[in-house]
Amino acid sequence: MKKKQMMLLAFSLVLFTGCHAQSSQEDEVKNVSKVLQQSQVTRKKTRKSSTPSREIKESGSSSETKEVVNSSETSQTLWNSEKAQQLQQFMSSWGATMGQEYHEYKEGHSIKHYLFEVPDQILSGDYPFVVNNERADFSWSKDGESGSGYKVVAVYSDLEPGSYELEKHTYLFAIYNGEPKVLIATLHGQHEAYYAAFVETENKELKNGFAQIVNGTNSLSKQPEKAVNTGIVAGYSNQQVQAARVWFTKFDRENGSAIDPDAYYSITHLEAGSAIAPIPNSVNFSKPAISILATPTAAGGVTYTDNGDGTVTIYDIPLHFQDERYMDASYSREFTQAILDKAQTISLGNFSEEQLMTFLTRLK
């Protein structure tokens with residue numbers, strides 16, 4: 001009996017000791033957990049108390065940095081709003097010297113160049129982009145750096161929206177491999193086209209003006225100046241007066257009646273590399289040319305190049321291309337090459353200012 005009591009007492013001691021140890025361990029775990037929780041709370045309080053001052057500091061630093069970055073980007077990017085404004089002023093002045101009025105277009109606000117919308121239908125891929133007879137990448141860029149291929153920053157055209165007046169111009173102002181490029185559309189009328197074809201302009205004033213703007217060396221005082229004539233032709237440029245002399249020289253010699261009283265006349269400047277005729281596979285002009293077209297077209301037209309010595313070279317280009325043979329590449333090539341080969345060089349006649357004014361006052 002005593003043995004059983006002793007064993008029971010020993011078991012109770014072991015049980016009590018185990019429970020006490022377990023209780024101690026649980027208390028220790030609880031104590032550790034409590035310490036950890038207090039530590040986390042302390043860290044959270046520390047973060048909360050320190051975060052505002054850090055955020056204010058970072059916010060101030062970010063604002064200052066942002067201002068510096070924006071200022072730096074404005075001065076260092078190849079293209080920005082300031083340069084865009086300079087180009088707008090330049091095109092207004094340059095267009096006046098050419099007897100043309102240009103308007104600006106951009107992504108989402110296109111001009112229909114006879115058949116395709118520039119730039120939107122080139123961006124969409126509806127009309128493949130071709131430069132100097134080779135496929136090229138086309139992208140719209142706000143800074144002249146983002147995008148690929150020809151990074152176009154501006155579009156200017158003297159075509160009026162909804163108008164299909166012949167011999168008008170659409171220019172792309174782009175950055176290509178870090179260099180400023182000015183491209184002109186080669187399509188000059190309402191003719192079938194499967195791609196948007198452009199060539200680099202040969203107009204030095206236009207190229208240099210854009211390059212100066214991109215490179216930050218543009219000066220508004222260096223904008224092209226309008227040629228000034230004296231007498232009653234004052235206010236007309238030398239090119240307009242020359243066009244009048246060309247018109248009278250050609251048509252006075254042919255029929256003695258150069259001016260149609262019901263007609264108006266337009267002068268168009270064609271870049272070197274422009275097609276001689278608006279038909280497939282046409283031979284191109286090797287130098288800038290000038291086209292004078294009467295409205296209605298029955299009143300005549302003439303295309304010529306200035307030789308700079310008092311003579312011009314006249315090209316006998318039809319005013320209409322309705323023959324289906326013009327759509328044949330081989331035929332059109334031979335046809336336009338013949339126009340080039342048969343071109344005539346003539347000396348300009350001398351005409352009174354009063355006679356010249358009968359043409360000049362009918363310019364549109």
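Side-chain atoms are counted along with the backbone in the values below, which use heavy atoms only and exclude waters and symmetry mates.
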Handout entry: Residue Y331 excluded, over 12 heavy atoms near OH under 6.0 Å
Key = yes

Which pairs of donor and acceptor atoms, one on a side chain in residues 334-342, lie under 3.5 Å apart (sequence neighbours left out)?
unit_1: T336; atom_1: OG1; unit_2: V283; atom_2: N; d: 3.0
unit_1: T336; atom_1: OG1; unit_2: S332; atom_2: O; d: 2.8
unit_1: T336; atom_1: OG1; unit_2: R333; atom_2: O; d: 3.2
unit_1: Q337; atom_1: NE2; unit_2: D341; atom_2: OD1; d: 3.0

Handout entry: Residue list, ring-ring contact (aromatic ring centres under 6.0 Å, His included) with H103, at least two apart or on another chain
Key = none

Problem - Pairwise distance CE(M91) to CD(Q100) - rounded to 0.5 angstrom - result: 8.5 Å

Exercise for the section: Look at the side chain of E202 and the backbone N and O of A272, then say whether any donor-acceptor pair between them is shorter than 3.5 Å. Expected result: no

Problem - Pairwise side-chain contact, W247 with I259, heavy-atom cut-off 4.5 Å (strictly under) - result: yes

Exercise for the section: Report the distance from atom OG1 of T77 to atom NZ of K142, rounding to the nearest 0.5 Å. Expected result: 13.0 Å

Exercise for the section: Working to the nearest 0.5 Å, report the span between OG1 of T186 and CG of N133. Expected result: 8.0 Å

Handout entry: Partners meeting ring-ring contact (aromatic ring centres under 6.0 Å, His included) with F210 (sequence neighbours left out)
Key = W79, F173

Problem - Residues forming a ring-ring contact (aromatic ring centres under 6.0 Å, His included) with F138, sequence neighbours excluded - result: F129

Practice task
Not counting sequence neighbours, list each pair that qualifies as a salt bridge (charged side-chain N to carboxylate O under 4.0 Å, His left out) and has a residue in residues 321-330.
Solution key: D323-R325

Exercise for the section: Return the set of residues passing ring-ring contact (aromatic ring centres under 6.0 Å, His included) with F351 (not counting sequence neighbours), or none when no residue passes. Expected result: F248

Handout entry: R362 to Y265 six-membered ring, cation-pi geometry met (6.0 Å, 45°)
Key = no

Exercise for the section: Any chance you could measure S291, atom OG, to F285, atom CZ, to the nearest 0.5 Å? Expected result: 8.0 Å

Handout entry: Set of side chain to side chain donor-acceptor pair (under 3.5 Å) partners for T170, sequence neighbours left out
Key = H113, S157

Problem - Check: S141/D143 side-chain N/O donor and acceptor closer than 3.5 Å - result: yes

Practice task
Using salt bridge (charged side-chain N to carboxylate O under 4.0 Å, His left out) as the criterion, list what pairs up with D316, not counting sequence neighbours.
Solution key: none

Problem - Between CG on residue L183 and CG on residue N132, distance to nearest 0.5 Å - result: 7.5 Å

Practice task
Decide yes or no for L363 and Q240: does some side-chain heavy atom of the first lie under 4.5 Å from some side-chain heavy atom of the second?
Solution key: yes

Fill in the blank from the handout: For L87 and A154 the tightest heavy-atom approach is CD2-CB, 3.7 Å

Exercise for the section: Hey, could you give me each pair passing side-chain hydrogen bond (donor to acceptor under 3.5 Å, both in side chains) that has a residue in residues 299-310? Not counting sequence neighbours. Expected result: Q242-D306, T305-Y315, N307-T311, N307-T313, D309-T311

Practice task
Not counting sequence neighbours, which residues clear side-chain contact (heavy atoms from CB on, under 4.5 Å) with S286? List them please.
Solution key: none

Problem - Pair D120-S110, side-chain donor/acceptor within less than 3.5 Å - result: yes

Handout entry: Qualifying residues under salt bridge (charged side-chain N to carboxylate O under 4.0 Å, His left out), relative to E117, sequence neighbours excluded
Key = none

Exercise for the section: Under the side-chain contact (heavy atoms from CB on, under 4.5 Å) rule, what do T361 and Y236 come out as? Steps first, then yes or no, please. Expected result: CA-CA 10 Å; T361 56; Y236 293 97; 4.1 Å; yes

Practice task
Enter the distance from E353:CD to T358:OG1 here, rounded to the nearest 0.5 Å.
Solution key: 12.5 Å

Problem - Stepwise side-chain contact (heavy atoms from CB on, under 4.5 Å) test for L319 and L293 - result: CA-CA 9 Å; L319 297 179; L293 186 65; 3.7 Å; yes

Exercise for the section: Return the orientation label for the W94 and Y171 ring planes: parallel under 30°, perpendicular over 60°, tilted otherwise. Expected result: perpendicular

Practice task
Check whether any side-chain heavy atom of Y102 sits under 4.5 Å from a side-chain heavy atom of H169, and report yes or no.
Solution key: yes

Completion exercise
Applying salt bridge (charged side-chain N to carboxylate O under 4.0 Å, His left out) to K181 and not counting sequence neighbours gives E200

